[in-house]
Each structure stands twice: as C-alpha cells, then as structure tokens.
Amino acid sequence: MRFSINPEMATQEVQPNETLTNLKAESDTLKTKLEDERAKLHDVELHQVAEKVDGLGQFIMKTRRTLKGHGNKVLCMDWCKDKRRIVSSSQDGKVIVWDAFTTNKEHAVTMPCTWVMACAYAPSGCAVACGGLDNKCSVYPLSLDKNENLAAKKKSVAMHTNYLSACSFTNSDMQILTSSGDGTCALWDVESGQLLQSFHGHAADVLCLDLAPSETGNTFVSGGCDKKANVWDMRSGQCIQSFETHESDINSVRYYPSGDAFASGSDDATCRLYDLRADREVAIYSKESIIFGASSVDFSLSGRLLFGGYNDYTINVWDVLKGTRVSILFGHENRVSTLRLSPDGTAFCSGSWDHTLRVRDRGYHLEPVTSATVCLILVSSSSCLSLMPVPSPFYFIRTASFITFGP
Amino acid sequence: MVNSGGSFSKRCVNRWHRWQRIMSTNNISQARKLVEQLRIDAGIERTKVSKAAAEMMNYCEMHAHRDPLLVGLPTSGNPFKDQKPCIIL
C-alpha cells in the first residue's frame with residue numbers, strides 16, 4: 001500500500017534529531033572538560049597530607065546502655081537536642097521515645113504501617129516525625145501527659161508516591177525535609193502540610209539525606225540507589241554538586257562537622273569521604289576483610305573519627321584523615337541499621353535488627369586527681385596493694401581492667 | 001475501499017511520526033537538562049585537594065581537645081557513667 005509522506009512532517013523529524021545530536025555533543029564536551037578540571041586539582045591524597053598527624057592510640061569503647069523494648073528490627077533512630085532522649089522506630093510499626101540515661105520508655109506510638117524507616121526528633125524536643133511504607137511523614141506532638149493517646153494528635157505532613165526512606169526537621173519545628181523511594185526529596189511546611197520545594201535528579205530510590213550544619217547555609221546532601229550523592233540548594237531546588245564513585249546503593253550520608261565535606265556508606269562495603277570544595281572523593285574507608293555493606297555513618301565531634309555501622313553486625317571506627325581503621329566494635333547480634341552521635345558528642349547510639357539500641361562511649365576516661373581524694377590503686381601481679389598518692393593537677397588514665405572507682 | 005485503506009495507513013504513519021516526535025522531545029528535554037546540569041557543574045569553583053585536605057586537618061586539630069570520644073571525659077562530665085562511690089580493694 002503506497003502512502004505519501006508529508007514533506008512538512010519529514011522536516012520536523014529531522015530537526016529534533018539534529019538538536020539531540022548537538023546536545024549530546026555538548027554534554028560529552030562538558031563531561032570531558034569537568035574530568036580534566038577535576039584531575040588537575042587532584043594533586044595529592046588526603047592520607048598523604050595526613051602523614052604528619054599523630055596516629056590515634058588504642059581505642060576502647062564501652063556500651064553504657066542497652067535499650068530493649070522493640071519487638072522487631074530497629075530501623076532508625078534520632079537524638080533529642082537535650083542529649084538524653086532518643087526516638088527509635090522499628091519494622092513492626094512501633095515508634096518509641098526513650099530516656100537514654102535511665103533506659104525508660106517515655107512514649108510509644110504504633111504507626112498504621114510496618115517498616116517505619118524514618119524517624120526524627122524536632123529541635124524543640126516537643127514532637128517526633130516518622131514514616132515508612134505508608135508513603136507519608138507524620139508528626140506526633142509529644143505531651144507531658146503519659147496517658148494521652150499520641151496517635152490522636154498525629155498530623156500527616158508529607159505525601160510521596162513511594163516509601164519514605166528518611167526525614168529530618170530543618171533548624172526549626174516548622175519545616176521538614178523528606179526523601180523517598182519515588183526518587184525525590186521534598187521540603188514541607190509542617191503546619192499546613194504544603195510542599196515548599198521538591199528536588200528531582202536521582203534516577204532511583206533516594207535512601208538517605210543529611211542537612212548541612214547550620215553555619216554553612218541552606219544545603220543538604222542525599223544518597224540513592226543510583227549510586228549518586230547529590231548536594232542540593234534548598235531554596236532553588238537545584239542540584240549543585242553530584243558525586244558518583246560508589247559501586248552500589250548509598251545507604252547513608254553525613255556531613256563533616258565543618259560542612260565542607262560529607263561521608264557516605266554504601267552496599268559496596270566502603271565508606272567514602274567527598275570534599276565539597278575540591279568537588280571530588282578524597283578518601284575511601286575499606287578493607288578486604290569487610291565485605292558487607294555499610295548501613296549508616298556518623299562523625300565524631302572533631303571530625304577525626306568516622307563511625308560506620310555494617311551489615312555484618314559490627315561497627316568500624318575509622319581515622320578520617322589517615323584512612324585506617326582504629327577499632328571494631330562488637331555487641332549487636334544482627335545488622336546495624338542506624339547510628340548517630342549524641343548532640344554533645346559524648347556518646348553515640350546504634351540501632352540494630354537484633355531489636356536493641358546501644359549507647360556507647362569511650363572505655364576509659366581522664367580522671368582528675370586531687371590531694372583530697374584517694375588516688376590510683378594498683379593491683380600488682382603479686383597481689384599486694386600499693387597506694388600511690390599523687391598531687392593535683394595530674395591526670396591518670398584509668399583503664400577498664402583497673403576499675404576501682406565503679407564501672 | 002482503496003481510499004479508506006489509504007487514509008487508515010496515513011493515520012498510522014501520522015501516529016508513528018507523532019510518537020517519534022514525542023520520544024525525541026522527551027530525549028531532547030532530558031539531554032537539555034543534562035547539559036544544563038553539566039554547565040552548572042562546570043561553573044563551580046574548585047580548590048586543590050592539598051588545600052582542602054589541609055583545612056580539614058586544621059579543623060580536626062582545632063576541635064580535637066573538646067571531642068569527648070577522641071580524648072575522653074572526666075567521669076563527672078560524662079552523663080552515661082554510673083556515679084558510684086569509690087571502692088578500695
């Protein structure tokens with residue numbers, strides 16, 4: 001059957017293809033230019049610069065509290081700014097607010113969905129946000145009345161078209177940032193539930209996000225199943241930087257305390273450090289013996305230590321500058337799913353699929369010794385005691401095996 | 001019959017061309033977005049890794065003394081320590 005091709009349509013066909021070719025050529029040129037520029041600035045490795053820094057000594061961390069009460073896998077946790085309360089969420093839909101000092105449960109809510117993958121404490125300490133397979137982020141105001149039904153006051157804030165993977169309040173209780181399996185991040189107004197800004201750019205599920213420390217402005221970083229970590233401008237919705245060096249899903253991202261870099265943990269069993277000013281990856285934290293993915297990462301207060309929770313039930317502590325592992329922490333009986341430093345940096349909490357959360361800090365402490373106190377008591381190998389009075393202001397390190405002043 | 005056959009196949013061809021234009025428009029808009037993003041990426045200012053690394057080391061050093069997990073805390077300052085009295089063995 002013969003039919004005539006409309007010559008007008010024919011020319012319309014040719015035009016779009018030409019523009020596509022031009023665009024492709026331009027994108028290829030830009031990509032090569034970017035690679036060249038980035039390579040030029042890569043003059044040295046971080047661990048080479050850090051060779052002159054003192055190494056870290058022996059590292060002992062002790063579990064100070066174990067929070068038991070969840071009936072299923074703990075998926076997410078967050079600290080309150082008062083440095084003592086913790087909110088955690090689990091697979092069975094329970095969200096619990098704990099007092100980490102006493103290990104008491106202060107509030108408990110049962111969500112209408114399972115797999116509550118995200119939870120966050122409001123900066124004021126008066127509310128918690130959580131969500132998961134319900135595709136929503138809900139905010140629960142916490143009341144002082146323990147008997148009050150928290151679920152009654154629940155407010156649905158965010159609506160996504162797929163599961164909620166992470167949420168975080170911004171600097172106030174008024175706005176909340178969410179990331180979702182639908183590949184987008186979004187900024188919401190808590191009071192009205194209105195969408196303030198949406199962030200498109202990931203090609204697959206977004207699994208994690210972290211807000212920049214407040215001194216450095218309105219940006220946040222997100223990581224996804226497309227192996228990319230994107231840095232976003234919260235006001236414009238624009239992706240300002242993108243990093244793609246991981247070989248698998250990025251499960252966790254966390255800003256360096258100065259805000260000039262961020263770390264990521266991935267299913268490829270590595271954690272990586274990306275510097276925002278150098279616009280590249282500057283360190284990889286990996287070992288041949290580590291083959292399980294890292295689910296969550298966080299820095300210590302000075303940024304010298306990077307804590308990584310892994311799917312092989314351990315927590316590896318890395319020297320950020322030198323790139324070496326300084327400690328490996330055991331204790332959890334299933335994969336570590338979430339890990340966060342307390343607001344004042346004295347301890348960190350890890351949540352696991354073994355239904356518990358553990359709060360850990362340094363195993364030994366500096367003990368100020370004054371002339372008024374009885375000082376260090378040494379137990380020698382021949383079982384005789386010797387008392388050693390020491391004048392202040394000397395400091396003695398008391399190790400876990402010599403504990404005589406209480407555990 | 002011939003006419004209806006001709007107009008039917010013309011409609012098919014028109015539909016095919018429309019689909020092709022939509023697909024290439026989608027591809028074009030995607031390509032345009034990529035080029036725009038790359039232009040933004042090319043435009044940002046970058047520093048050398050040596051400079052960035054030095055600043056990071058400086059930050060660590062400046063804040064190391066007040067990092068409780070790095071240097072430890074006096075017992076009185078650690079809220080998670082159990083406050084128990086001294087035991088002399």
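Note on naming: letters A, B, ... go to the chains in the order of the sequence lines (proteins, then strands), and numbering restarts at 1 for each one. Computed from heavy atoms alone, side chains included, the values below leave out hydrogens, waters and symmetry copies. This one's a predicted model, so the numbers in the text were calculated from it and none came from an experiment.
A/Leu306 pairs with exactly one of A/Leu273, A/Val320, A/Val326 by the side chain to side chain contact (heavy atoms under 4.5 Å, CB included) rule, that one being A/Val320.
Interface remark: A/Val49 contributes backbone and side-chain atoms alike to the contact with chain B (heavy atom separation under 4.5 Å). Heavy atoms closer than 4.5 Å to chain B are found in both the backbone and the side chain of A/Ala100. Contacts of A/Gln48 with chain B are absent, with no heavy-atom separation under 4.5 Å from either backbone or side chain. Proximity to chain B is absent for every atom of A/Phe299, based on heavy atoms less than 4.5 angstrom apart. No part of A/Arg84 comes within reach of chain B, as not one of its non-hydrogen atoms sits under 4.5 angstrom from that chain. Within the 4.5 angstrom heavy-atom criterion, only side-chain atoms of B/Ile44, from C-beta onward, approach chain A. With a 4.5 Å cut-off on non-hydrogen atoms, B/Leu34 touches chain A through its side chain but not through its backbone. Using a 4.5 Å cut-off between heavy atoms, A/Ile240 contacts chain B through its backbone alone, with no side-chain atom that close. The parts of B/Leu38 that come within reach of chain A are both its backbone and its side chain, each placing non-hydrogen atoms under 4.5 angstrom from that chain.
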Audit row: A/Arg38, A/Asp279, salt bridge (Lys or Arg N to Asp or Glu O under 4.0 Å) steps and yes/no: CA-CA 7 Å; A/Arg38 281 178 172 155; A/Asp279 188 37; 2.9 Å; yes

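Ranked by non-hydrogen atom pairs under 4.5 Å with chain A, the options B/Glu45, B/Glu61, B/Gln30, B/Gln37 are led by B/Gln37. Contacts with chain B were tallied for A/Thr29, A/Val317, A/Leu321; A/Leu321 has the most, counting heavy-atom pairs under 4.5 Å.
Between A/Trp232 and A/His202, the angle of the ring planes lies from 30° to 60°, which puts this pair in the tilted group.
Using modelled atom types and a 3.5 Å distance limit, the side chains of A/Thr219 and A/Asp233 yield no donor-acceptor pair.
Between A/Asp275 and A/Arg280 no salt bridge is recorded (no basic side-chain N to carboxylate O distance below 4.0 Å).
Applying the ring pair (Phe, Tyr, Trp, His ring centres under 6.0 Å) test to A/Phe262 and every residue at least two apart in sequence or in another chain returns A/Phe243, A/Tyr274.
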Show the atom names and distances, to 0.1 Å, of all donor-acceptor pairs under 3.5 Å that link a side chain in residues 52-59 of chain B to residues at least two apart or in another chain.
residue	atom	partner	partner atom	Å
B/Glu55	OE1	A/Arg277	NH1	2.1
B/Glu55	OE2	B/Lys51	NZ	3.3

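Remark: side-chain polar atoms of A/Asp99 are not paired, donor with acceptor, to backbone N or O of A/Arg85 under 3.5 angstrom.
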